[in-house]
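As the structure lists them, so they are numbered: ligands from 1, and atoms in each ligand from 1. Remember, predicted model here, so these are calculated numbers, not experimental data. The first residue of the sequence shown is numbered 1, and numbering continues consecutively from there.
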Amino acid sequence: MQRIKQWNRILLPYEQAVEELKVKFKAIRNEFRDMNEYSPIEFITGRVKKISSILEKANRRNVPEDRIEDEIEDIAGIRIMCQFVDDIYEVVKLIRRRNGKDLEIVYEKDYIKNNKDSGYRSYHVIIRYPVQTALGEKNILAELQIRTLAMNFWATVEHSLNYKYKKNIPENVRLRLRKAAEAAYQLDEEMYKIRNEIINAQISFEEKSNSVYEISNNIQMLSLFGYKEEARMFQSKFNNLWKNGSLEDLQDLSKEIKYAIQKYQAFE
Ligand code: 0O2
Ligand code: 0O2
């Protein structure tokens, strides 16, 4: 009982750190949203490890109780979920920019480029984080896990199966989990490709609209300046390109009309 009380006291700054870090990462997400910009952070969760799990991990790793706070790095854990793998590296950059300011990076582990045997993928950053307590500043270790929604789905299910089987998952299930991890990786890749195709299609649509707008305006201008024959000729060229022309064809026509306007202006 006394031991639990003592641990509850030890864990107080860890709870404070988790709350503060959640607020800080949520603030980053909200800033992007307020600027109407895409946020690399989808959502954040956090937890303080249960006392029983801390002691079990310490026991498994032969860590004496007075070394637990220095050697168990994930007593405070923050999980940052992203839509795409690229977003994970954006978040890592954001964290690195804060290194030496409100946190200190101890080390990083890239389980995306080097996934674990289980199939686990995520990016881990171990930080030292200062917490202001009633007794002064306390520096604690915290683990930031950054992963995509697909990685999180896989890790959550795998973690609960490990719990169910008390870490003795049958070999055939382990194999299927590895395959499922590969499927989650493929899903991340495919969603990223689809997203990029949509973004590129949007950019191309906007550029096409801009060219069409420019061409129509400039043809009208030619007509207003009295170059009706030329305006008719460009209008007919434009009518041919309007439905089937490529973006490059439209941009070339737009340049041609602008050049003609400059030429006629020079004569006036
Ligand atoms: P928002 O704006 O709704 O995303 P809290 O005390 O609320 O700060 P707590 O108690 O840790 O945080 O909550 P929890 O259950 O860990 O979830 C943290 C945030 O993640 C919550 O949002 C959840 O809505 C969100 N969340 C959890 N799972 C998912 C998920 O699968 N998809 C999405 N998109 N969000 C999820 P907030 O903090 O209320 O803010
Ligand atoms: P929790 O709170 O139950 O998630 P280890 O000694 O292998 O336990 P280590 O060396 O401290 O761990 O760090 P590691 O391997 O970098 O990862 C620590 C955390 O990453 C784990 O915490 C998990 O949250 C997550 N993780 C690592 N490998 C796997 C995996 O194969 N599957 C899943 N689902 N998660 C993994 P804990 O200790 O399990 O705590």
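Glu73 has no carboxylate O lying under 4.0 Å from a charged side-chain N of Arg128, or vice versa, which leaves the two without a salt bridge. Arg96 has a carboxylate O that lies under 4.0 Å from a charged side-chain N of Glu108, or vice versa, which qualifies the two as a salt bridge. At a threshold of 4.0 Å, the pair Glu182-Lys179 does not count as salt-bridged, since none of the basic side-chain nitrogens sits closer than that to a carboxylate oxygen.
Defined by atom type and a distance below 3.5 Å, a donor-acceptor pair is present between the side-chain atoms of Arg147 and Tyr120. Looking at Tyr14 and Lys138, their side chains never bring a donor and an acceptor atom within 3.5 Å of each other.
Between Tyr38 and Phe84, the ring-plane angle classifies as tilted under the 30° and 60° cut-offs.
For a heavy-atom separation below 4.0 Å, the residues in contact with ligand 2 are Arg47, Lys49, Lys57, Arg60, Arg61, Asp74, Arg79, Lys109, Tyr111, Lys116, Ser118, Tyr120, His124, Glu143, Gln145, Ala155, Glu158, His159.
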